[in-house]
Protein chains: 2
Amino acid sequence: MHTADAVETIQREMTVFARRARAAAGRMHPELSLVSYTLLGHLEESGGCRSTDLAAHYALDKSTVSRQVTGLERAGLVERRPDAADHRVQVLHLTGAGQRILAQVTESRRAAFRERLADWSAEDLSRFAHYLVRYNASPGPGRQD
Amino acid sequence: MHTADAVETIQREMTVFARRARAAAGRMHPELSLVSYTLLGHLEESGGCRSTDLAAHYALDKSTVSRQVTGLERAGLVERRPDAADHRVQVLHLTGAGQRILAQVTESRRAAFRERLADWSAEDLSRFAHYLVRYNASPGPGRQD
DNA sequence: CTGCCATGGTTGCACAACCCAACCACCTCG
DNA sequence: CGAGGTGGTTGGGTTGTGCAACCATGGCAG
């Protein structure tokens, strides 16, 4: 496969994935939207962060994050803690309930992925994972699509 | 990287990608939404197909496709042709304008991708592309997310 | 030929997730 | 102490979607 073709393919396949992802989002886990799930996941991974951080990481408008967080808080999945050093800031943390729900959804999602990736070799899985990390890590100007 | 971790990583990174994709969609090409672009692309690739085919391929509701197609037709990018064999069916085709717009958008998207993937080796690009194709090709029950 | 169900497509309705702009509160620095 | 920047919320409007109801046509059994 030539480089140009590979770039083309990556572009197209990533787009197809994004399309299907959007289409399927929320259907698997009515109790937690894709957005909410993703935000919860980031909170767990980061061990608590600010709304602005979430917005930056996912290239979302801060207002969008604000509303999502409001919903998550109302659902009792996250809590806001004041930041002693900067009174503008609210540090977001998962609650116990948030951790439970997240773990549960993660598990069922993982099961679906595992099934999908069942016949991949360990080496292929590892390489694929590294490529994705590398791709997402690149700061790319055009946040792609 | 252990297999379980790899699966986990792939899951998370694909999701991050999907989130950013959605976030960035349409910002690069205001004249053509991500959805519309994807549908046009599929039409070109398939050389004409039915609304139902598009819906099935992207796991979209037929009503959604119907509306998107209506918009594309109004914009003069696709045309509906009656199917002689089945009068219920309308076969969708790109118009000349549709082909031009698609080519133009594809090119600028490709440029963005190329830049993002600039420092990848040809081998890595090729492997990454293959992995993505393989992933998307798997019929996976849970259309993942 | 005549019903009856399946299929392709459209429309009404409601909703989730977005973005932008305006705004408030607070921090920082000259 | 202002002036400008940053974190966060709210108001308003748009888009993409799904579901359900509906119409028209096709296919098939009696």
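All values derive from a computational prediction rather than experimental measurement. Below, chain A is the first sequence line, B the second, and so on; all start at residue 1.
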Give me the atom names and distance for the closest heavy-atom approach of [X] to [Y].
X        : Y         : result
Cys49(A) : Leu43(A)  : SG-CD2, 3.7 Å
Ser51(A) : Leu92(A)  : OG-CD1, 3.8 Å
Val69(A) : Val78(A)  : O-CG2, 4.1 Å
Ala6(B)  : Ala129(A) : O-CB, 3.9 Å

**Item:** Axis bend over the full length of the helix from dC1(C)-dG30(D) to dG30(C)-dC1(D), computed from five pairs that close each end, to 10 degrees
**Value:**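 One end's axis against the other's: 20°.
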Let me know the distance between [atom1] of [X] and [atom2] of [N], rounded to the nearest Å.
X        : N       : atom1 : atom2 : result
Leu60(B) : dG9(C)  : CG    : C1'   : 15 Å
Arg80(B) : dT10(C) : CZ    : C1'   : 9 Å
Glu73(A) : dG8(D)  : CD    : C1'   : 13 Å
Arg50(B) : dT10(C) : CZ    : P     : 13 Å
Asp53(A) : dG7(D)  : CG    : C1'   : 10 Å
Asp61(A) : dA22(C) : CG    : C1'   : 13 Å
Leu54(A) : dC18(C) : CG    : P     : 12 Å

**Asked** Taking for each residue the nucleotide of DNA chain C bearing the nearest heavy atom, is the 5' side occupied by Thr52(B) or by Lys62(A)?
**Response**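 Closest to the 5' end, via its nearest nucleotide, is Thr52(B).
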**Prompt:** Do NZ/NE/NH1/NH2 and the carboxylate oxygens of Asp83(B) and Arg88(B) come within less than 4.0 Å?
**Reply:**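 So Asp83(B) does not pair with Arg88(B) through a salt bridge.
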**Asked** In terms of the angle between their ring planes, are Tyr58(B) and His42(B) parallel, tilted or perpendicular, with boundaries placed at 30° and 60°?
**Response**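 If you compare the ring of Tyr58(B) with that of His42(B), the planes turn out perpendicular.
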**Prompt:** In terms of the angle between their ring planes, are Tyr135(B) and Phe128(A) parallel, tilted or perpendicular, with boundaries placed at 30° and 60°?
**Reply:**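 It falls in the tilted class, 30° to 60°.
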**Prompt:** Who passes side-chain hydrogen bond (donor to acceptor under 3.5 Å, both in side chains) against Ser36(B), sequence neighbours left out?
**Reply:**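 With neighbours one apart ignored, the set is Ser33(B), Gln68(B).
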**Item:** Pairing residues for Glu44(A) by the side-chain hydrogen bond (donor to acceptor under 3.5 Å, both in side chains) criterion, not counting sequence neighbours
**Value:**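 Result, side-chain hydrogen bond (donor to acceptor under 3.5 Å, both in side chains) vs Glu44(A): none returned.
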**Item:** Test ring-ring contact (aromatic ring centres under 6.0 Å, His included) applied to His93(B) - qualifying residues, sequence neighbours left out
**Value:**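 His93(B) satisfies ring-ring contact (aromatic ring centres under 6.0 Å, His included) with no other residue.
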**Request:** Step by step, work out the side chain to side chain contact (heavy atoms under 4.5 Å, CB included) result for Leu102(A) and Leu94(A).
**Result:** CA-CA 9 Å; Leu102(A) 177 62; Leu94(A) 285 181; 3.9 Å; yes
Distances under 3.5 Å between nitrogen or oxygen atoms of protein and nucleotides 12-16 of chain C:
from, atom 1, to, atom 2, distance (Å)
dG12(C), O6, Arg67(B), NH2, 2.6

For nucleotides 24-26 of chain D, print each protein N/O atom paired with a nucleotide N/O atom at under 3.5 Å, atom names and distance only.
from, atom 1, to, atom 2, distance (Å)
dT25(D), O2, Arg88(B), NH1, 3.4
dG26(D), OP1, His87(B), N, 3.0

**Item:** Below 4.0 Å: OP1/OP2 of dC19(C) and any side-chain N or O of Thr64(A)
**Value:**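 Yes.
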